[in-house]
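Because the structure is predicted, anything quoted here is derived from the model rather than measured.
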Amino acid sequence: MTDARRVFVILDPTTMNQPSLVLGETMAEDFVASGATNVCLHLYACIAEDAVRRPPHVDEETARAEELSRIKNWVERLAERGRSMGLEVVTEVEIQPNWREAISAAVQRHPCVVAIKNMTEQSRLTRWVRETSDWRLLRDTGCPLLLVKSYARRHIKRVLVAIKHRTDSDIYEAANERLLKAGRGWAESVGAELHVLTAYQGEDYPDRQKLADRCDLPRNRVHAAAGAPDAVIASVAQELHADLLIIARVGKPGSTAKVGRTAEKVIDNLYCNILVLPMTTD
């Protein structure tokens, strides 16, 4: 966790349902309750330029200004609850031709402990043929990204960290260390119970006691199961009723490749919120 706890909430101006805001408020409140200072809730909304409503006999510039004012007023109303909780809340609204690019740019220019976004489940075909905003953020931003499911529980009571059993390169070993550190940090910050999971193949069974010692956890909070990582993660997350899953996304800087085989399969198939930590190779 960083000292500057900016919780960057990406709002969806096309709906009244804002699970990212609900979880962002709760997370910021939990940070404050844990004794953190400099906690800031940043509410961001971007409107696509071609979605600006233009009534008859209204010129383009006026229509744009009116739409911007309307969305700003809406975001300010959403900010009222956080402010009433004693949180520092800042707001930001944009109209941009490419809203996906604009969201990524906004996250990159505001250093934050986490960016939070509502997640709409997509089919594999949709993910394959069209770049979604979720995929774009995962690929382009260097901060942790929390994808929020609308039906997930408000408070995070149980955190599950998925690490790699056999690391064949330094980047995966570093990813494991970062995942464990992040898991401890999030669990402590929001008062949650931490669990760690690893998947293995065949007879390559991990030593659970060594794993527990490494994670500084009791044995009943470390889990190992045979099978494909995505299937194991989904099964254990459901069994534990995890509220937050933490996984890593390993990729090369500037890569336009997919998010990652395991992450790609896990993200749309789990009921819980998913925190993705970016890891880049040299």
For this session: Show your working on side chain to side chain contact (heavy atoms under 4.5 Å, CB included) between Val114 and Arg5 and close with a plain yes or no.
Result: CA-CA 8 Å; Val114 64; Arg5 282 178 166 78; over 6 Å; no

For this session: List the steps, then state whether salt bridge (charged side-chain N to carboxylate O under 4.0 Å, His left out) holds for Arg214 with Glu173.
Result: CA-CA 13 Å; Arg214 177 182 181 180; Glu173 186 61 30; 2.8 Å; yes

Problem set entry | side chain to side chain contact (heavy atoms under 4.5 Å, CB included) assessment of Leu179 paired with Leu277 | CA-CA 8 Å; Leu179 284 163; Leu277 305 182; 3.8 Å; yes

For this session: Given salt bridge (charged side-chain N to carboxylate O under 4.0 Å, His left out), test Glu67 with Arg70 step by step and report yes or no.
Result: CA-CA 5 Å; Glu67 183 73 353; Arg70 182 181 71 84; 2.8 Å; yes

For this session: Could you please spell out the steps behind the side chain to side chain contact (heavy atoms under 4.5 Å, CB included) verdict for Val148 and Met119?
Result: CA-CA 5 Å; Val148 182; Met119 182 182 170; 6.0 Å; no

For this session: List the steps and the verdict of side chain to side chain contact (heavy atoms under 4.5 Å, CB included) for Leu275 and Trp186.
Result: CA-CA 10 Å; Leu275 178 67; Trp186 284 103; 3.2 Å; yes

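Between Arg6 and Val113 the shortest side-chain heavy-atom distance does not fall below 4.5 Å. Using a 4.5 Å cut-off on side-chain heavy atoms (C-beta onward), Ile246 and Ile274 make no contact. The side-chain heavy atoms of Ile163 and Leu180, taken from C-beta on, include a pair separated by under 4.5 Å. Using a 4.5 Å heavy-atom threshold, the side chains of Arg100 and Cys46 count as separate. With contacts defined as side-chain heavy-atom distances shorter than 4.5 Å, the pair Val107/Cys143 qualifies. Between Asp243 and Val159 there is no side-chain heavy-atom pair separated by less than 4.5 Å. Between Cys40 and Val90 there is a side-chain heavy-atom pair separated by less than 4.5 Å. A heavy-atom distance below 4.5 Å is found between the side chains of Val93 and Ile47.
Between Tyr200 and Tyr205, the angle of the ring planes goes over 60°, which puts this pair in the perpendicular group of the 30/60° scheme.
Using a 4.0 Å cut-off between charged side-chain N and carboxylate O, Lys157 and Glu193 make no salt bridge. Using a cutoff of 4.0 Å between basic side-chain nitrogens and carboxylate oxygens, Arg53 and Glu66 are not scored as salt-bridged.
Minimum interatomic distance between Ile247 and Ala162 (heavy atoms only, all atoms of both residues): CG2-CB, 4.1 Å. Between Glu94 and Gln96, the shortest heavy-atom contact is OE2-NE2, 3.3 Å. In terms of heavy atoms, Glu25 sits closest to Leu87 at O-CD1, 4.1 Å. In this structure, Leu240 and Arg158 approach most closely via the heavy-atom pair O-NH1, 2.7 Å. Nearest heavy atom pair, residue Leu197 against residue Ile233, reads CD2-CA, 3.6 Å. Residue Ala212 comes nearest to Val222 through the heavy atom pair CA-CG1, 3.8 Å, listed as atom of the first residue, atom of the second, then distance.
No more than 12 heavy-atom neighbours from other residues, nucleotides or ligands sit within 6.0 angstrom of CG on Asp170. Within 6.0 Å of the CG atom in Asp59, the count of heavy atoms belonging to other residues, nucleotides or ligands exceeds 12. Heavy-atom contacts from other residues, nucleotides or ligands closer than 6.0 Å to CD of Gln209 number more than 12. Residue-environment remark: CD (Glu76) exceeds the threshold of 12 foreign heavy atoms within 6.0 Å.
Checked by atom type and distance alone, the side chain of Thr198 pairs as donor or acceptor with a backbone atom of His165 at under 3.5 Å. Without hydrogens or angle criteria, Ser20 side chain to Ile10 main chain gives a donor-acceptor distance under 3.5 Å. Thr26 places a side-chain N or O within donor-acceptor distance of the main-chain N or O of Val22, the cut-off being under 3.5 Å. A side-chain donor-acceptor contact under 3.5 Å links Ser189 to the backbone of Gly185. Here the side chain of Asn118 pairs no donor or acceptor atom with the backbone of Gln18 at under 3.5 angstrom. Under a 3.5 Å cut-off, the side chain of Arg64 and the backbone N or O of Val52 do not form any donor-acceptor pair.
Residues Glu92 and His110 have side chains that bring a donor and an acceptor to within less than 3.5 angstrom of each other. Neither side chain, Asn17 nor Thr15, offers a donor N or O lying under 3.5 Å from an acceptor on the other.
To the nearest 0.5 angstrom, Ile95 atom CD1 is 4.5 Å from Leu68 atom CG. Note: Leu244 CG to Ile156 CD1 = 4.5 Å, rounded to the nearest 0.5 Å. Rounded to the nearest 0.5 angstrom, Phe8 CZ and Gln108 CD are separated by 10.5 Å. To the nearest 0.5 Å, atom CD1 of residue Ile116 and atom CG of residue Leu23 are 5.0 Å apart. Summarising the geometry, atom CZ belonging to Arg81 is positioned 8.5 Å from atom CG belonging to Leu21; distances are rounded to the nearest 0.5 Å. If you take SG on Cys112 and CG on Leu41, they are separated by 11.5 Å, rounding to the nearest 0.5 Å.
Considering Glu80, Arg83, His42 in turn, Arg83 is the only one that fulfils the side chain to side chain contact (heavy atoms under 4.5 Å, CB included) rule with Val89. Checked against Leu160 for a side chain to side chain contact (heavy atoms under 4.5 Å, CB included), the options Glu239, Arg221, His195 give a single hit: His195.
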